[in-house]
Amino acid sequence: MSPLAIVLMKLLRWGALAIAGFLALVLVLEAWKHGWELGALSKGFTAVVALLAAGALWLARAIGRELAKHGS
């Protein structure tokens, strides 16, 4: 893998981790807004945000594995 590809993959991995962190913050703020009462949260919104966060973490893990293959 070329050095430029390695740098871009590392940036993409950090970006995916940042997105997952932001989505977790959105869930925390939404729970705080509703007084930490989880029953008051919209189940659809919570499910979509949680799935997006899980997907971002899965992408970051896959990129990490790919970078580990090439010894970077």
Side-chain angles (χ1 to χ4, degrees):
M1 188 180 305
S2 72
L4 180 60
I6 291 172
V7 169
L8 290 176
M9 293 285 278
K10 286 182 180 184
L11 283 173
L12 182 61
R13 182 170 187 255
W14 279 106
L17 290 172
I19 288 170
F22 174 76
L23 290 169
L25 179 65
V26 166
L27 284 178
V28 168
L29 288 175
E30 193 68 21
W32 174 68
K33 185 172 80 171
H34 291 285
W36 300 105
E37 195 171 320
L38 297 181
L41 294 175
S42 168
K43 290 179 186 11
F45 176 76
T46 303
V48 168
V49 173
L51 284 173
L52 286 172
L57 288 173
W58 189 22
L59 176 64
R61 180 176 177 230
I63 293 170
R65 284 181 171 180
E66 195 64 33
L67 287 172
K69 276 186 196 176
H70 297 286
S72 0

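Just so you know, these numbers come straight off a predicted model, no measurement behind them.
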Subject >> Met1 and Glu66: CA distance, side-chain angles, deciding distance, side-chain contact (heavy atoms from CB on, under 4.5 Å) verdict >> reply: CA-CA 10 Å; Met1 188 180 305; Glu66 195 64 33; 4.3 Å; yes
Original post:
Any link between Leu27 and Phe22 through a network of hydrophobic side chains (Ile, Leu, Val, Met, Phe, Trp, Tyr) touching at under 4.5 Å?
Top reply: yes
Original post:
Which atom names give the shortest non-hydrogen contact between Met9 and Ile63, and what distance separates them?
Top reply: O-CG2, 3.4 Å
Subject >> salt bridge (Lys or Arg N to Asp or Glu O under 4.0 Å) partners of residues 11-28, not counting sequence neighbours, each pair once >> reply: none
**OP:** If a pair satisfies salt bridge (Lys or Arg N to Asp or Glu O under 4.0 Å) and one of its residues is in residues 14-34, list it, with sequence neighbours excluded.
**Re:** Glu30-Lys33
Residues 35-59, side-chain donor-acceptor partners within the protein, below 3.5 Å, at least two apart:
{"from": "Ser42", "atom 1": "OG", "to": "Phe45", "atom 2": "N", "distance (Å)": "3.4"}
{"from": "Thr46", "atom 1": "OG1", "to": "Ser42", "atom 2": "O", "distance (Å)": "2.8"}

Original post:
Which one of Leu4, Leu12, Ile6 satisfies the side-chain contact (heavy atoms from CB on, under 4.5 Å) criterion with Leu8?
Top reply: Leu4
Subject >> Contacts of type side-chain contact (heavy atoms from CB on, under 4.5 Å), residue Ala18, not counting sequence neighbours >> reply: none
